[in-house]
Number of protein chains: 2
Amino acid sequence: MRTILEAAERVFAANPAATMEQVAQAAGVARTTVHRRFATREALLEELTGWAARQFAEAVASAHADSTPPLVALYQVTANVLRVKTDWWFAMSRTGDRAHPEAARVHAEVRDDCERLLRRAREAGVLRPDADLGWTRRVYYALIHEAAAEGVTEGGDAEALATRVVDALLRGFGSPTAPVIA
Amino acid sequence: MRTILEAAERVFAANPAATMEQVAQAAGVARTTVHRRFATREALLEELTGWAARQFAEAVASAHADSTPPLVALYQVTANVLRVKTDWWFAMSRTGDRAHPEAARVHAEVRDDCERLLRRAREAGVLRPDADLGWTRRVYYALIHEAAAEGVTEGGDAEALATRVVDALLRGFGSPTAPVIA
DNA sequence: ATTACTCGCTACAGCCATGTTGCAAGTAGC
DNA sequence: GCTACTTGCAACATGGCTGTAGCGAGTAAT
């Protein structure tokens, strides 16, 4: 069960169009055994996304973003999410999928949590007063995605990656003395 | 020919696993006609990635990044690439693919160009002296990707998107007076 | 009108993944 | 030993996509 889901994650991460046969082989079981647990391919994908969504929700919740200073919360959430996302790369990439309403709900909720956290950060002076929170959130997501990609291929630890993500998000890479474009 | 490639781009952008039938339908031709131009599905994909790669190379080259100040070059390259990437979203996402060596070569060259530009920017004081160029480049790519996604769904103009990308890359979203994490 | 060309349509063969079933072997518990 | 359960294996049916071939209609040029 867990074995099959983890194998599916590995296989689909390498090739989203992989077959049930490949998943079974990676799990070390027969293809029919996979079908015994998951009636259809769709069902397997759904289980996978649901499983990842629960891990995701847990990772976000355990950061207690509401009861810590924004900067600390930002760092904790980032590190926790990176841990999950490097292990469940493929499953976590299936966010917008119409399948599995629970996963969609989780992602929507996290999205709200994230925007709320960013708003708190802006009010606390951590973010610039003129920061566009929608764009800020999308950039934040993109940075996490990129850092997770590095974590998958090179296996860095979540804390170091989180530090770089938050640093890139807040400071950028420009010299403080450089001219500004807009 | 062009019609079919453009249709393929649209269809595959919506669903990478789309069939030749769907492509043909989107192009307004019969499936056999698609096969007359592109012997196999693989051949169609290759043409598509090759076509996008040429557009990409042209977009980068026409920015004359070597002969303008780093900050200007960064902005020009960003805007040009965004124009191509919003139109050829799917085809441009097939970078690491082993198929079509020309596309792989183009992407490798652009990557080098980009790192060279970032190095110039750092030496010119546009980037912080301690900026990790590899990480900077990956973040830059991620920002372009994100901005292009917005361009695809909401159709903003390339200049405005480029401004936001460069601004996010250089300044980030943090308040200049806020404490730093690392 | 003839020729050359392109396209749509139909039909077909082949392949591969999916999903199902039945049977045999192995294991754990009683 | 007996039972219940799980698994592997082989076989099969099904469906969908791919790629090919042939025929007929339409069009443009000479």
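Predicted model, so just to flag it, every value in this text is computed and none were measured. The basis for the numbers below is simple: all heavy atoms, side chains too, and nothing from hydrogens, waters or symmetry mates. So that the names make sense, note that chain A is the first sequence line, chain B the second, and so on, each numbered from 1.
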Donor/acceptor link under 3.5 angstrom from A:R31 side chain onto base of D:dG8: no
Whole-Å gap separating P (C:dG19) and CG (A:L45): 11 Å
base_contact_polar (D:dG8 base, A:R36 side chain, donor-acceptor, <3.5 Å): yes
Between C:dG8 (P) and B:Q25 (CD): distance, integer Å: 13 Å
B:W89/B:H145 aromatic ring centres below 6.0 Å: yes
Phosphate-side-chain proximity, B:R37 and C:dC7, N/O vs OP1/OP2 below 4.0 Å: yes
Euclidean distance, atom CE of residue A:M1 to atom P of D:dT7 [Å, nearest integer]: 11 Å
Separation of atom CD in A:E21 from atom P in C:dC16, rounded to whole Å: 13 Å
Heavy-atom donor-acceptor pair, A:T19 side-chain to C:dC16 base, under 3.5 Å: no
Electrostatic pair B:R37-B:E47, nearest N-O below 4.0 angstrom: no
Interatomic distance where CE belongs to A:M20 and P belongs to C:dA17 [whole Å]: 12 Å
Any donor-acceptor N/O pair under 3.5 Å between C:dC9 base and B:T32 side chain: yes
Integer-rounded Å distance: C:dT18 C1' and A:H35 NE2: 6 Å
Lys NZ or Arg CZ of A:R137 over A:Y141 ring: under 6.0 Å, within 45°: yes
Side-chain ion pair, A:D132 and A:R119, N-O less than 4.0 Å: no
Side-chain N,O (B:T33) to OP1/OP2 (C:dG8) below 4.0 Å: yes
Interatomic distance where CD1 belongs to A:I4 and P belongs to D:dT6 [whole Å]: 13 Å
